[in-house]
Amino acid sequence: MQASPIPTAQRIGVPRETFAGEKRVATVPDVVGKLVALGFSVAVESGAGEAAHCSDDAYRAAGAEVLPDAAALWAASDIVFKVRPPSAAEVALMRPGTLLVGFVWPAQHPELMAQLAEKNATVLAIDCLPRTLSRAQKMDALTSTAGVSGYRAVIEAANAFGRYFNGQITAAGKVPPAKVFIAGAGVAGLAAIGTAANLGAIVRANDTRAEVADQVKSLGGEFVKVDYEEDGAGGGGYAKVMSEGFQAAQRRMYAEQARDVDIIITTALIPGKPAPKLITAEMVQSMKPGSVIVDMAAEQGGNCELTVPGEAVVRHGVTVIGYTDLPSRLAKQSSTLYATNLLRLAEELCKAKDGVAVVDMEDDALRGLTVVKDGEITWPAPPLKAAPAPAPKAAAAPAAEKKGGHGHGRSGPLPARTLAILFAVAAVAFWFIGAHAPAAFLGHFTVFVLACFIGYMVVWNVTPALHTPLMSVTNAISSIIAIGALVQIAPPQAAANGRPDGLILWLAFAALVLTAVNMFGGFAVTRRMLAMFQK
């Protein structure tokens, strides 16, 4: 019997991006070594990373081979990592059966899909990743790119704006803070909100999805609600197209904001559809001279009627910025994040770390990414399977309870008869203790019972703003123990009756030490948790 051949390690090729103005590169030297550790070999076209400040020497030092031109790169690659969709000339250079990974946008490029199918290629479109899968977040290049774009949009606005973002009081006079309105609070919008707020501006934002209001507020912005009740949450983490009534109310709100604010940043875009027109020419004309609009949806037509894709123009004294290359304006950062996303995808494709990529069509994340499989167009992917519903609780227990009147493990209020019996038993026990215990013990016992009751009511009715509920309870109990230990170590009657017994003294001291460690440790853990969320 002849043994099956052992698959050889595949080569990942990274060509120079040919799209006009594109400065990003699909992988960076810091990631090359990690791809090599998965068993792949890596080849990079000479000059591919120059615009992102990644030199050929840096790629060689990381373990990549640098090839002289695109033809050599495409011919030598089993897998190709790209940023932009390939051009017709690049598809012509592709070897049959190549695995292509990158942004493809299959709905917008049907001709490209047909050309890739003719090449018998397998294509993973990073823009088709099912974003609702939690395990897919590490591969979500759309989120990485949108975050960079939102940050850069604020920087472009600040560059075009005529004064400070933050308010200042100087010897020459008072400078009011800039007012920024952000239309759309998705990933890009939230990044813009945080950046503008950090620069000291007064930030307002709106989104059709009501659930993002808390996120806007947490970043220092004010959520401006449209006076119309309709939920805009759509599938896959995107917003949906709203009704005419909502859009009319939204336009009225936008018109009010345009007259008041200094900067507007629009981010509204639904995949596969033209960008909705949110800012009309009349709104632009109503803005104060020197104001700025940054239209992040310019590549799909723009959210502003006066946007010119790829350019910054001045209309009615307002600068309208329609740059379509915002991620490329932070090429090094964008390339690093994108390269990390593709690395995580490579880890999913090559779980055996043998340098061979396997596209498992049973994997929901990989199936969603795959738009062409071995020359067959598989886009769009079927809907994700719904999570299995939790198993219903057995009905036998309630039935038994109804028949017998009592059931083991029953939750809810106790029956009146059981409650009366418990009170009677507690009363008898309390009478027995009072009749036979010393008078001093009875006083202490009464204080103990009252302390437990009051402590329970206090701890359970306080909102744990800086603690988890468990830490709140343990710190409260520790405080009671510490006070009790101090009383035992130095009781009020010590002067008359002498020091307490040696065993009691050492037990009290040990309790004091342990509770102090617990209390201070709890506060230390709390401070570390809070530090994780501080800027």
Side-chain angles (χ1 to χ4, degrees), residues 9-19 22 24-28 31-32 34-36 38-45 48-49 52 64 70 73-87 90-91 93-106 109 112-113 115-117 119-131 133 136-145 327 334-351 355-361 363-379 381:
Q10 296 175 317
R11 173 178 288 183
I12 296 175
V14 181
R16 180 201 290 261
E17 296 296 322
T18 59
F19 188 86
E22 182 57 70
R24 290 174 292 175
V25 63
T27 198
V28 296
V31 174
V32 167
K34 298 174 183 177
L35 293 172
V36 172
L38 290 175
F40 297 105
S41 60
V42 180
V44 180
E45 182 183 349
L73 188 285
W74 285 91
S77 302
D78 304 294
I79 304 170
V80 175
F81 282 179
K82 270 188 62 59
V83 179
R84 294 274 186 170
S87 64
E90 288 176 314
V91 175
L93 295 174
M94 182 186 295
R95 278 178 17 188
T98 298
L99 172 61
L100 174 67
V101 182
F103 286 101
V104 177
W105 305 108
H109 300 103
L112 172 62
M113 294 284 287
Q115 293 169 3
L116 293 170
K119 281 287 187 176
N120 199 37
T122 296
V123 182
L124 303 186
I126 201 71
D127 47 277
C128 292
L129 179 74
R131 303 175 77 184
L133 293 175
Q137 292 177 0
K138 61 186 178 181
M139 302 178 279
D140 191 357
L142 281 174
T143 295
S144 302
T145 304
S334 299
S335 299
T336 301
L337 293 174
Y338 183 63
T340 303
N341 293 140
L342 296 192
L343 168 65
R344 301 309 172 203
L345 174 57
E347 291 173 344
E348 292 294 318
L349 294 170
C350 185
K351 294 181 179 179
V356 178
V358 178
V359 180
D360 182 7
M361 297 296 275
D363 186 304
D364 286 339
L366 296 181
R367 176 62 188 90
L369 285 169
T370 307
V371 296
V372 180
K373 180 69 165 69
D374 297 328
E376 179 184 354
I377 296 177
T378 58
W379 181 86

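No hydrogens, no waters, no symmetry mates; every other heavy atom, side chains included, goes into these values. Residues take their numbers from the sequence shown, with the count starting at 1.
Evaluation of the side chain to side chain donor-acceptor pair (under 3.5 Å) rule for Thr122 yields Asp374 as partners, not counting sequence neighbours. Annotation: side chain to side chain donor-acceptor pair (under 3.5 Å) contacts of Asp363 (sequence neighbours excluded): Arg135. Residues satisfying the salt bridge (Lys or Arg N to Asp or Glu O under 4.0 Å) test with Asp140, not counting sequence neighbours, are Arg131. In terms of the side chain to side chain donor-acceptor pair (under 3.5 Å) criterion, Arg16 has no residue partners (sequence neighbours excluded). By the side-chain contact (heavy atoms from CB on, under 4.5 Å) test, Ser334 pairs with Arg24, Val148, Pro327, Leu330, sequence neighbours left out.
Contact of the Thr18 side chain with the Glu90 side chain is registered, since non-hydrogen atoms from C-beta on lie closer than 4.5 Å. For the pair Thr143/Gln137, no side-chain contact is recorded, criterion being any heavy-atom separation below 4.5 Å from C-beta on. Val104 places a side-chain heavy atom less than 4.5 Å from the side chain of Met113. Residues Ser77 and Val14 fail the side-chain proximity criterion, which asks for heavy atoms closer than 4.5 Å. Trp379 is not listed as a side-chain neighbour of Val123, based on a closest heavy-atom distance of 4.5 Å or more.
Minimum heavy-atom separation, Ile79 to Phe40: CD1-CE2, 3.7 Å. In terms of heavy-atom proximity, Leu142 sits nearest to Trp105 at CD2-CH2, 3.6 Å. Scanning all heavy atoms of the two residues, the minimum distance from Val358 to Leu366 falls at O-CD1, 4.3 Å. Here the closest non-hydrogen pair linking Leu112 and Pro86 is CD1-O, 3.6 Å. Ala52 approaches Val25 most closely through the heavy-atom pair CB-CG1, 4.2 Å. In terms of heavy atoms, Glu22 sits closest to Arg84 at OE1-NE, 2.8 Å.
Once rounded to the nearest 0.5 Å, the distance linking CG of Leu99 with NZ of Lys373 reads 9.0 Å. Here the CG atom belonging to Leu35 is positioned 13.5 Å from the CZ atom belonging to Arg11, to the nearest 0.5 angstrom. Here OG1 of Thr378 is found 4.5 Å from CZ of Arg367. Values are rounded to the nearest 0.5 Å. Rounding to the nearest 0.5 Å places CG of Leu349 at 9.5 Å from CD of Gln10. With rounding to the nearest 0.5 Å, the separation of OG in Ser41 from CD1 in Ile12 is 8.0 Å.
Across Leu133, Leu124, Leu129, a single residue satisfies side chain to side chain contact (heavy atoms under 4.5 Å, CB included) together with Met139, and that is Leu129.
Other residues, nucleotides and ligands contribute more than 12 heavy atoms inside 6.0 Å of the NZ atom of Lys119.
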Could you check Leu100 against Met94 for side chain to side chain contact (heavy atoms under 4.5 Å, CB included), going step by step and ending with a plain yes or no?
CA-CA 9 Å; Leu100 174 67; Met94 182 186 295; 4.2 Å; yes
Check residues 337-345 and write down every donor-acceptor pair under 3.5 Å in which the side-chain atom is one partner and the other belongs to a residue at least two apart or another chain.
{"unit_1": "Tyr338", "atom_1": "OH", "unit_2": "Lys82", "atom_2": "O", "d": "2.5"}
{"unit_1": "Thr340", "atom_1": "OG1", "unit_2": "Thr336", "atom_2": "O", "d": "2.9"}
{"unit_1": "Asn341", "atom_1": "OD1", "unit_2": "Ser144", "atom_2": "OG", "d": "2.9"}
{"unit_1": "Asn341", "atom_1": "ND2", "unit_2": "Lys138", "atom_2": "O", "d": "3.0"}
{"unit_1": "Arg344", "atom_1": "NH1", "unit_2": "Glu347", "atom_2": "OE1", "d": "3.3"}
{"unit_1": "Arg344", "atom_1": "NH1", "unit_2": "Glu347", "atom_2": "OE2", "d": "2.9"}

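Between the side chain of Glu17 and the backbone N or O of Val83 there is at least one donor-acceptor pair closer than 3.5 Å.
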